[in-house]
Amino acid sequence: MSAAGFGRALRAEWTKLRSVRAWVAGLAAGALVTVLLGLLSAAGSHTSCGKDGVEVACPAPPAGPEGQAVSDRFYLVHRALRGDGAITVRVTSMTGRIRRPDITPGVRNEVSGLTPWAKAGVIVKESTRQGSAYAAVMVTAEHGVRMQHDYVHDVAGRPGRVSAGSPRWLRLTRSGDRLTGYESADGRQWTRVGAVELPGLPDTVRIGLFAASPGDVTVTRGDLGGAAVAARFAQATATFDHVGLDGAGTGLSGDWRGDDVGVDLEADGTPHHPGGFTRSGDTFTVTGVGDIGPSAEGRTVESTLSGLPAGLIVLVVVAVVSVTSEYRRGLIRTSLAAVPGRGRLLAAKAAVIGAATFAAGLAAAAASVVAGTRLLRGNGNVVLPVSAATEARVVVGTAVLAAACAVLALALGALLRRGAAAVTAALAVTVLPYLLATASVLPLDAARWLLRLTPAAGFAVEQSVPAYAHVLGHYAPQAGYFPLPPWAGLAVICGYAALALGLAVLRLRGGDA
């Protein structure tokens, strides 16, 4: 068939789709259901924080240099550095305290220990303002030496823990906007960990030592499969000696000072879980609480798309009926006679239903995200910021997901020839696995495999905040984290749709019409 002939087939299928009012109404209903359920969920979500006995909107987390929400709380011992310079230290020990559930009511239960990502090291930071640019080289409790910068970037150095018999030397140098981190076991032989660029770093920065400890995260599963996540207080204390600064007398100014960056304050203004430091000669002991890294404390833009599974049910029914109705009424032979080339007939049907569903999904996703995030913020919720490109990917990706579901459903309709069976099959491989994986009714590994191997993997395109390897968190499907990257997940459902359509074409070409 020529391109003109295929164009006529497309026009014929488009005319057929828009002439059946029930199908057009179904597409509109699928979009409307998606929007209404998403807005209903957003309208019912209210969050507030107490301040001086009054409920107020919760403060938004600080934003890092790349726009992400970040956690920026730690204890910093620093001096001002103008221009280029370097800091070298030896970390001789790192210990900590972790709060456990109280055994005796009213008696605080703290034990010795460190959380896996407790960290201490050397840092160059634009300023003490939360969210400002930085680069740091550090030792961690269980992940060896790391070089991290601007909250979301992490490079691994050598593994191993710091102890009295196994200290670790760290060095961080600045040359313009370039920061380079080194490590050493003996202070003589140095290994580069990494080098980063911090564009726009001011001439005068803060250089020094730091310590921080994220909360101790525990996940418990209830009898009904639900997961409860708790983060308990933890702190880290590190001892540094052989502290050396390059640039003395030229680029360094002021004496050492301590800042509890981002510390929370009680109602009376006293710090809540403060850090601190002591100094004896060139030996510093620094205690810190909190973390320097990305934050996931808040709602995500994709949470406004909670109505999508229900909307997909309606869209799947429309896609299936658009082909099975021709078999039920005996009209398929008329369509085949009008469009020579049986495979091209299905291709035309798939293109039309895919495009129509994409348009419906695009309108629904855009309306849900824009109006839903406004509702969430208006109700005091923190909505985690994402880039315009990420938000566009969520919206457009959701529309592609809807279109792929529709094409898959149409192909199953052409294969099975029965509406009820095709609808059941389509929902069983798309919406049902997603609901099972995100409803905490399956073991975590089983939920992740479902979202890798079934067409429900396509829902990964909605994830706007990635799981960061250097932050301990509950990275489970029910928390909005998928095992595949967004576009890879979408490719899985598109692959299934293409496969099903190919099988339907083979059956149709076999003469079974």
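One-based numbering along the sequence shown.
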Minimum heavy-atom separation for [X] and [Y], please, with both atom names.
X: Glu302; Y: Val465; answer: OE2-N, 4.5 Å
X: Ala399; Y: Leu362; answer: CB-N, 3.4 Å
X: Leu436; Y: Val441; answer: O-CG2, 3.4 Å
X: Gly67; Y: Pro385; answer: O-CG, 3.4 Å
X: Leu114; Y: Met94; answer: CD1-O, 3.4 Å

What residues, two or more places apart in sequence or in another chain, satisfy side-chain contact (heavy atoms from CB on, under 4.5 Å) together with [X]?
X: Ala211; answer: Ala120, Val286
X: Arg97; answer: Glu110, Ser112, Gln235
X: Val318; answer: Trp23, Leu27, Ile353
X: Ala457; answer: Leu484, Val492

Item checked: Heavy-atom side-chain contact between Leu501 and Leu410 under 4.5 Å -> yes
Notebook entry, point to check: Is Tyr151 close to Asp72 at the side-chain level, that is, under 4.5 Å between some pair of heavy atoms?
Noted result: yes
Between [X] and [Y], what is the ring plane arrangement, given parallel below 30°, perpendicular above 60°, and tilted in between?
X: His470; Y: Tyr468; value: perpendicular
X: Phe482; Y: Tyr434; value: parallel
X: Phe210; Y: Phe74; value: perpendicular

Check: salt bridge (Lys or Arg N to Asp or Glu O under 4.0 Å): which pairs involve residues 132-145, sequence neighbours left out?
Finding: Glu142-Arg161
Margin query: Considering only residues two or more places apart or on different chains, which pairs with a residue in residues 431-456 satisfy salt bridge (Lys or Arg N to Asp or Glu O under 4.0 Å)?
Written below: none
Note to self: Take a 6.0 Å sphere around CZ of Arg374 and say whether it holds more than 12 heavy atoms from other residues, nucleotides or ligands.
What the structure shows: no
Notebook entry, point to check: Do the side chain of Asn379 and the main chain of Ala42 share a donor and acceptor less than 3.5 angstrom apart?
Noted result: yes
Notebook entry, point to check: Any donor and acceptor pair, going by atom type alone, linking the side chain of Asn381 with main-chain N or O of Ser45 inside 3.5 Å?
Noted result: yes
